[in-house]
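Side chains included, hydrogens not; waters and symmetry mates left out as well; all remaining heavy atoms used. Just so you know, these numbers come straight off a predicted model, no measurement behind them. Below, chain A is the first sequence line, B the second, and so on; all start at residue 1.
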Amino acid sequence: MKHSYVAEVLASQDIHQEFTVKGWVRSFRANQFIALNDGSTINNLQCVVDYENTDPELLKRITVGAAIAVTGILEESQGKGQRVEIKAQTIVIEGDAHPEEVKLTILSPKRHSLEKLREQSHLRVRTNTFGAVMRLRSKLSFAIHQYFNERGFYQAHTPIITGSDAEGAGEMFKITALDLENPPKNEDGSINYKEDFFGKETNLTVSGQLEAETYALGLGKVYTFGPTFRAENSNTSRHLAEFWMIEPEVAFCDLDGNMDLAEDFIKYVVNYVLTHCQDDLAFLENRLVQEDKSKPQAERASMLLREKLQFVVDNNFKRVSYTEAIDILRNSKPNKKKKFKFPINAWGADLQSEHERFLVEKHFECPVILFDYPANIKAFYMRLNEDGKTVRAMDILFPGIGEIVGGSQREERLDVLKEKMAALDIPEEELHWYLDTRRFGTCTHSGFGLGFERLVLFVTGMTNIRDVIPYPRTPGNADI
RNA sequence: UCCUCCAUAGCUCAGUUGGUUAGAGCAUCUGACUGUUAAUCAGAGGGUCCUAAGUUCGAGUCUUAGUGGGGGAGCCA
């Protein structure tokens, strides 16, 4: 039978009309008021039961967590807290949820810590917080595709399984169909990968960038949006072993164009959720306000969640070269007072978390784009500047998140690229296809990688990356 | 991987220099009440004190190792 969704019913003006809604019981107060949620919105629909004329056996089965279908008449609510409610006429239990078992789970109607919710990740999407986070995640994903589609980008599905081990972005997960108990061996005792499924060693991708570059040099403007895998033993609130990354790559575009694109892109998707996800953002904003109340004054957020997002949309990101950043840091109070664990002395040092946080959270107090980094601390494919010591790299740093974007103008000159690879012992055979793009009609081109989960962290105000993806993969964790 | 803190009822936590029968609030169940919004009142049930080994007459408490988690760092998105 056709039924309506809670979001539609709550917005409906059809008073006295009949509706059927289906969802999960969030609470059942006073044997009379069901708070029903079906995931279509963070808001619950109040369904009022005429308990005096309802079978007591049925009433007993209306419990927190149960799936039910309610048919009744939409009426203006007599109580405060909701505009309309459904006067239930018939209630059908689709799936029971026994209270004695429910109380052992996070579905029990009380406040749970995020750590506890993470232990039952298959049930946490039924909570307000995770419903809001996951709806926002989905809307952000849609906004990303819409942004690129409106601007003539094509999505390139770069491979998940890669035969190239020169991507250089981190430790990789091996892919094999060999019998690990008894693998075929070469004469010297090493494993003979020629007998493996692909006839060579393969891994899960750590980046689609190099393949995306080949597509940009044909389709013009492309982007990838897919899963990425890194076998790093990272145990932090901002790293996952499996995460989603957006990687635009644009032909005939220099670093300035790349920075313009990244900034415009972030502002667009943040603005999209500001206008399309008000209810979920309001809930998450309030959640943060409540959380802040138990913190000392100094640690409380200076802006509400939506104010913070609006600030990002309305203000230009501060663009600073690495050299300028070093000067600022060298003359900063914490550096002079030796408050930094890693003091800034000379040009050339890699910036530590504490330095990035100082620039973003204390000095500029807004998103910052750092560019033109020393060549020796950045990847081989970044374009060397005329000074011979810096490359056209850029990182976007966000308050509370750190690096959200890393990108560069790519080295398009074959000879310079080959020199770089030789210096880093990257064999040319490994990347012959990549070098071909520089042989045949090479051109200026640029791109960046944006960590999707880090964007979701920023937009939702959550602080642990494990709480913005359904089933987080981290060292020692891949249960579901 | 490194530093640091933590693990006791379904949840949040208390548990004295190592000592008899392991405690509270909330949740759950039973009953009462019924236009509620974290409903209210009364009563009841509920424990492998993370795992393993050790010290001891005796370990929730002390030691070692492991597992998981929080915060910070590195690697990065």
Side-chain angles (χ1 to χ4, degrees), chain A residues 26-35 43-44 46-52 59-60 63-65 75 77-82 85 87 97-120 128 167-171 206-209 224-225 227-247 262 290 299 341-342 350-357 377-379 395-398 401-407 448-458 463-469 474-477 479:
Chain A
R26 283 291 179 80
S27 74
F28 186 34
R29 283 185 297 274
N31 219 15
Q32 193 174 180
F33 303 99
I34 302 168
N43 301 308
N44 299 326
Q46 175 156 288
C47 301
V48 186
V49 183
D50 179 5
Y51 61 94
E52 285 168 325
L59 287 175
K60 266 184 151 176
T63 56
V64 172
E75 300 289 3
S77 178
Q78 296 171 32
K80 287 174 187 165
Q82 57 280 317
E85 62 193 19
K87 294 272 188 226
H98 300 286
E100 288 283 8
E101 292 174 50
V102 166
K103 80 163 192 184
L104 304 182
T105 74
I106 57 165
L107 296 179
S108 62
K110 60 187 295 299
R111 220 179 284 280
H112 299 276
S113 67
L114 292 171
E115 291 81 20
K116 182 52 64 179
L117 296 179
R118 219 174 285 148
E119 290 170 11
Q120 297 174 41
N128 285 332
E167 288 170 350
E171 291 295 311
V206 291
S207 164
Q209 181 202 314
T224 74
F225 188 174
T228 307
F229 307 89
R230 302 215 177 145
E232 303 283 351
N233 195 0
S234 296
N235 293 290
T236 78
S237 55
R238 55 188 192 285
H239 287 87
L240 290 166
E242 177 184 287
F243 64 99
W244 291 68
M245 187 155 65
I246 298 109
E247 296 180 287
Q290 299 305 320
E299 289 173 29
K341 199 174 167 195
F342 299 91
D350 207 350
L351 299 181
Q352 307 291 321
S353 283
E354 57 180 353
H355 307 134
E356 297 181 347
R357 291 181 69 165
I377 60 171
K378 288 290 182 182
D395 285 354
I396 301 185
L397 309 175
F398 261 45
I401 312 282
E403 185 179 343
I404 197 166
V405 162
F448 62 84
L450 180 141
F452 183 54
E453 282 75 18
R454 288 186 182 176
L455 180 65
V456 181
L457 271 183
F458 181 74
T463 52
N464 193 315
I465 202 163
R466 301 170 186 203
D467 296 331
V468 297
I469 187 168
T474 52
N477 285 296
D479 287 343

**Student:** Could you identify the nucleotide paired to B/G25, looking across every strand shown and requiring Watson-Crick or G-U wobble geometry with both distances under 3.5 Å?
**Tutor:**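 Checking every strand shown, B/G25 finds its partner in B/C11, with both distances under 3.5 Å.
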**Student:** Less than 4.0 angstrom from a charged side-chain N to a carboxylate O is my criterion; do A/Asp395 and A/Lys378 meet it?
**Tutor:**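 Yes, charged N to carboxylate O under 4.0 Å.
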**Student:** NA contact type, A/Arg466, heavy-atom cut-off 4.0 Å: base, sugar-phosphate, or nothing?
**Tutor:**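 It contacts sugar-phosphate atoms only.
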**Student:** Which is more 5' along RNA chain B, the nucleotide nearest A/Lys60 or the one nearest A/Thr105? Just name the residue.
**Tutor:**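 Looking at the nearest nucleotide for each, A/Thr105 comes out on the 5' side.
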**Student:** Should A/Asn464 be listed as having a side-chain N or O under 4.0 Å from OP1 or OP2 of B/G70?
**Tutor:**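 Yes, because at least one side-chain N or O of A/Asn464 sits under 4.0 Å from OP1 or OP2 of B/G70.
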**Student:** Are OP1 or OP2 of B/G71 and a side-chain N or O of A/Asn235 less than 4.0 angstrom apart?
**Tutor:**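 Negative; the distance criterion is not met.
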**Student:** Distance check: side-chain N/O of A/Arg454 vs OP1/OP2 of B/C76, anything under 4.0 Å?
**Tutor:**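 Answer no for this pair, as no side-chain N or O of A/Arg454 is under 4.0 Å from OP1 or OP2.
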**Student:** Is there aromatic stacking of A/Phe243 on B/A77 here, judged by a ring-centre distance under 5.5 Å and a plane angle under 30°?
**Tutor:**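 Stack criterion met.
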**Student:** Assign A/Glu100 to base, sugar-phosphate, or nothing according to its heavy-atom contacts below 4.0 angstrom with the strands shown.
**Tutor:**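 It contacts sugar-phosphate atoms only.
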**Student:** Under 4.0 Å, counting only non-hydrogen atoms across every strand here, what does A/Ser77 touch: a base, just sugar-phosphate, or nothing?
**Tutor:**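 Answer is base: heavy atoms of A/Ser77 come under 4.0 Å of a base.
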**Student:** Tell me the partner of B/G54, counting only Watson-Crick (N1-N3 plus N6-O4 or O6-N4) or G-U wobble (N1-O2 and O6-N3) with both under 3.5 Å; none if nothing fits.
**Tutor:**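 Looking at the geometry, B/G54 pairs with B/C62.
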**Student:** Would you tell me if any nitrogen or oxygen in the side chain of A/Arg29 comes within less than 4.0 Å of OP1 or OP2 on B/U40?
**Tutor:**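 No, no such contact exists.
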